[in-house]
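Scroll down for the structure; my scribbles are underneath it.
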Amino acid sequence: MNGKSLPLVAPLYPAGREPLPPGMSEEDREQLMQAKKYQSWMMMGMESCAAKTAMAGVGGLGIGAFFSLMSASFAYEDPYLRQQTQAGLSNTQKAREVFKDMGRGMWKTGKGFGKVGALFAGIECVIEAYRAKNDIINPVAAGFVAGGILARNSGPKAVFGGGLAFAAFSGVIDWFLHKPSSE
């Protein structure tokens, strides 16, 4: 039975025998099915909490390193103090020391940003998967938990305050990113 005999009823096709897109022949069906399978695997991978956490960690590492690089260009230091600590070094050796210092700062800041990004993204993904909803509650709850974890070594008041501050920040950022456009 085909869809033409029953109006307003979607036609049913056996799996793998669906109509092909325009311009494709029956010989292209195997390639199309293979591409759909790979696309499905990629979507499952990208929607996994592990992938989201890793991407947030790597992105945070890059952003933190970039911020550190930019702030290093504004760093104020006493040229007389540097001359005393680098006395006897050639200009090349002094430049090498400055770049090493910048690299250490970039690594340290990037690592911190990456940890915070991965922590927040992982918690938000788990909350979203548990709730099976995508709304403002997920980032706020994830922000509260992540803020509390980040302040865990400073006592209960700091844990609660850090959770509230990170939750508020996460809520504002999520609201700003998802607010309807003014058009």
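Sequential numbering from 1 along the given sequence is applied to the chain's residues. What's counted below: heavy atoms across the whole structure, side chains too, no hydrogens, waters or symmetry copies.
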Fill in the blank from the handout: Minimal heavy-atom distance between Gly117 and Ala56, with the atoms involved, is O-CB, 3.4 Å
Problem - Side chain to side chain, Leu150 and Val159, heavy atoms closer than 4.5 Å - result: no
Exercise for the section: Working to the nearest 0.5 Å, report the span between CZ of Phe66 and OG of Ser71. Expected result: 10.5 Å
Exercise for the section: Could you check Glu30, Gln31, Lys36 and say which one makes a side-chain contact (heavy atoms from CB on, under 4.5 Å) with Gln34? Expected result: Glu30
Practice task
Would you mind reporting whether Leu119 and Lys115 have side-chain heavy atoms less than 4.5 Å apart?
Solution key: no
Exercise for the section: Compare all side-chain heavy atoms of Pro21 with those of Leu32 and state whether any distance is below 4.5 angstrom. Expected result: yes
Exercise for the section: Measure the SG-CD1 distance between Cys49 and Ile123 for me, rounded to the nearest 0.5 Å. Expected result: 11.0 Å
Handout entry: Atom pair CG/NE2 of Asp135 and His178 - distance to nearest 0.5 Å
Key = 10.5 Å
Handout entry: Expected output: side-chain Arg29 to main-chain Met24 donor-acceptor under 3.5 Å
Key = no
Problem - Residues, nucleotides or ligands: over 12 heavy atoms within 6.0 Å of Met55 CE - result: yes
Exercise for the section: Any chance you could measure Cys125, atom SG, to Glu47, atom CD, to the nearest 0.5 Å? Expected result: 9.5 Å
Practice task
Only pairs at least two apart or in different chains count here, so list each ring-ring contact (aromatic ring centres under 6.0 Å, His included) that has a residue in residues 13-40.
Solution key: Tyr38-Trp41
Problem - Listed once per pair and sorted, the ring-ring contact (aromatic ring centres under 6.0 Å, His included) pairs that draw on residues 96-118, sequence neighbours left out - result: Phe67-Phe113
Problem - Distance in Å, Leu61 CG paired with Lys111 NZ, rounded so as to fall on 0.5 Å steps - result: 10.0 Å
Practice task
Grab the two heavy atoms, one from Ala121 and one from Lys52, that are nearest each other, plus how far apart they are.
Solution key: CB-O, 4.0 Å
Handout entry: Residues, nucleotides or ligands: over 12 heavy atoms within 6.0 Å of Met70 CE
Key = yes
Exercise for the section: Would you check if the side chain of Arg152 reaches a backbone N or O of Ile149 as a donor-acceptor pair within less than 3.5 Å? Expected result: yes
Practice task
Would you indicate whether the side-chain heavy atoms of Phe166 and Val145 approach each other to under 4.5 Å?
Solution key: no
Problem - Closest non-hydrogen atom pair between Gly57 and Ala118, with its separation - result: CA-CB, 3.9 Å
Practice task
Kindly say whether Met106 contributes a backbone atom to a donor-acceptor pair with the side chain of Thr109 at under 3.5 angstrom?
Solution key: no
Handout entry: Expected output: side-chain Asp174 to main-chain Gly171 donor-acceptor under 3.5 Å
Key = no
Result block: side-chain N/O donor-acceptor pairs under 3.5 angstrom for residues 136-144, not counting sequence neighbours:
from, atom 1, to, atom 2, distance (Å)
Asn138, OD1, Arg131, NH1, 2.7
Asn138, ND2, Lys133, O, 2.6

